[in-house]
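Have a look at the structure below, then the notes.
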Amino acid sequence: MERQEAEDPEGMLRGQAAIWDCIFGFVSGMALKCVVELGIPDIINSHGCPLSLSSIAKSINHPSLDTDRLSRVMTLLTSIVPCLLMQNHTWMLSNWHHLSDIVKEGGSGFAKCHGLELFDFASTNPEFNTLFNEAMEGASKIMVEAVKTSYKDGFNGLGSLVDVGGGTGAMVGEIVKAHPHIKGINFDLAHVLAMAPEYEGVTHVVGDMFTSIPPADAILLKWILHDWNDEDCIKFMKNCREALPKKTGKLIIVDAVLNSHGNELFDYMRLIFDLAITVHVQGKERSEAEWKILLEEGGFASYKNINIPAMASIIEAYP
């Protein structure tokens with residue numbers, strides 16, 4: 001070690017910095033979680049202008065507030081609130097401590113921590129169900145803007161669209177709002193749809209995607225397939241194929257396409273998501289080559305990859 005340090009001292013320093021970044025990479029998220037829990041974004045928004053630290057502290061109105069510590073948290077921060085609250089909750093953070101276990105033994109960190117897989121846990125724990133659904137709705141609201149902008153022609157000519165695993169319906173609701181000629185169907189499990197608000201032009205349908213899927217001109221899958229292993233995905237995609245018109249139907253997948261050697265804006269974060277999915281639900285993100293194999297085995301002979309300004313891409317596939 002001493003010899004290496006003498007030969008390349010700058011390299012050693014970069015290595016040390018990288019290790020420290022790995023060890024404390026979660027800190028920014030935890031600091032932002034703290035700010036959200038203190039209500040600071042709402043405080044600033046309600047005033048409609050930037051606020052001094054003292055004004056923020058006064059608005060928090062807590063008798064024992066430590067303004068020095070608040071200042072240090074605010075100094076660190078330069079996310080999406082529901083996603084942040086979910087990912088930094090102990091229900092999710094604790095799973096990461098089983099990363100080496102699942103590498104050695106398989107399974108998911110979530111099940112090792114909580115005794116149930118994530119979706120089963122959500123069905124029995126209303127608090128977690130709310131946390132998870134709000135996080136997915138927040139992510140949908142951001143993703144749908146990229147989809148509506150870059151894929152608006154893709155919805156032309158559709159009479160019906162079913163969003164499978166659509167959560168509380170935010171995604172399909174926005175699509176139907178922009179394309180009111182489409183009959184929207186939001187398809188998910190009963191405990192998820194129990195939280196779903198009404199959207200004009202959208203019908204909520206309870207069901208299990210591994211059993212059957214409501215028929216429609218097109219099926220939307222946003223961040224669904226990455227939750228499952230290949231075998232489960234193929235089974236589910238065959239159900240999608242059965243629900244689509246044989247000649248005109250299409251599958252619209254909104255999911256990441258990995259490029260481990262890429263240097264685009266989201267390439268590294270897609271790898272982070274790949275690891276997170278592995279830890280929490282035994283799924284994975286996929287490269288284009290992996291998507292091609294999965295689609296073919298699932299009954300979709302052709303596809304095209306459409307880049308959009310987001311971490312995900314659109315994969316349009318045809319039976």
Side-chain angles (χ1 to χ4, degrees), residues 41-42 45 79-86 122 129-209 213-227 236 240 243-245 248-257 266 303-318:
D42 291 331
N45 183 61
S79 227
I80 305 165
V81 172
C83 281
L84 176 127
L85 292 175
M86 182 185 74
N129 184 48
T130 299
L131 184 74
F132 182 81
N133 289 330
E134 287 180 349
M136 294 303 99
E137 181 176 348
S140 292
K141 288 178 179 177
I142 291 178
M143 185 65 68
V144 74
E145 294 305 318
V147 172
K148 287 195 302 184
T149 300
S150 303
Y151 189 68
K152 56 185 178 182
D153 293 340
F155 298 111
N156 292 342
L158 295 181
S160 57
L161 172 70
V162 56
D163 187 354
V164 176
T168 56
M171 185 83 169
V172 69
E174 285 296 313
I175 292 171
V176 170
K177 183 178 179 180
H179 303 273
H181 63 280
I182 295 176
K183 174 187 175 183
I185 301 168
N186 184 45
F187 183 71
D188 215 314
L189 299 171
H191 70 272
V192 177
L193 295 184
M195 294 181 58
E198 295 299 318
Y199 295 94
E200 186 174 352
V202 175
T203 302
H204 297 299
V205 176
V206 172
D208 182 349
M209 63 188 188
I213 294 166
D217 295 333
I219 294 173
L220 175 66
L221 305 176
K222 178 191 66 67
W223 281 345
I224 298 298
L225 294 174
H226 73 176
D227 288 333
F236 162 49
C240 291
L244 289 170
T248 59
K250 64 180 176 181
L251 189 62
I252 305 168
I253 300 169
V254 182
D255 228 319
V257 177
F266 289 109
Y303 75 95
K304 62 181 177 181
N305 185 18
I306 303 168
N307 291 323
I308 60 175
M311 190 164 64
S313 296
I314 291 176
I315 301 171
E316 193 179 74
Y318 322 99

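Start at 1 with the first residue, then count along the sequence.
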Under 3.5 Å donor-acceptor, Asn45 side chain and Pro41 backbone: no
Pairwise side-chain contact, Ile224 with Met209, heavy-atom cut-off 4.5 Å (strictly under): yes
Nearest atoms (heavy-atom pairs only) where Ala146 meets Pro309: CB-O, 3.8 Å
Donor-acceptor contact below 3.5 Å, side chain Asp217 vs main chain Leu158: no
Residues in ring pair (Phe, Tyr, Trp, His ring centres under 6.0 Å) contact with Tyr303, at least two apart in sequence or another chain: none
From Leu251 atom CG to Glu316 atom CD, the distance as rounded to the nearest 0.5 Å: 9.5 Å
Validation row: Ile252, Phe155 side chains within 4.5 angstrom (heavy atoms): yes
Ring geometry between Trp223 and His226 (parallel below 30°, tilted from 30 to 60°, perpendicular above 60°): parallel
Rounded distance (nearest 0.5 Å) linking atom NE2 of His181 with atom OG of Ser160: 10.0 Å
Neighbour count above 12 (heavy atom, 6.0 Å) for Lys250 NZ: yes
Using atom types as modelled, flag every donor-acceptor pair under 3.5 Å from a side chain in residues 167-175 to any protein atom, sequence neighbours excluded.
from, atom 1, to, atom 2, distance (Å)
Thr168, OG1, Glu137, OE1, 3.1
Glu174, OE1, Lys148, NZ, 3.3

Name of the residue among Asp255, Val254, Val257, Ile253 meeting side chain to side chain contact (heavy atoms under 4.5 Å, CB included) with Ile314: Val254
Atom pair OG/CD1 of Ser313 and Ile308 - distance to nearest 0.5 Å: 6.5 Å
Student check: side-chain heavy atoms of Val162 and Val164 closer than 4.5 Å: yes
Atom pair CG/CG of Asn129 and Leu189 - distance to nearest 0.5 Å: 9.5 Å
Note, Tyr318 side chain near Leu244 side chain (heavy atom, < 4.5 Å): no
Heavy-atom closest contact (Cys240 atom, Ile213 atom, distance): SG-CD1, 3.5 Å
Whether Lys222 side chain and Met143 backbone form a donor-acceptor pair below 3.5 Å: no
With sequence neighbours excluded, residues passing side chain to side chain contact (heavy atoms under 4.5 Å, CB included) with Val205: Ile185, Phe187, Thr203, Pro214
Aromatic ring pairing Tyr199/His204, orientation class (parallel under 30°, perpendicular over 60°, tilted between): perpendicular
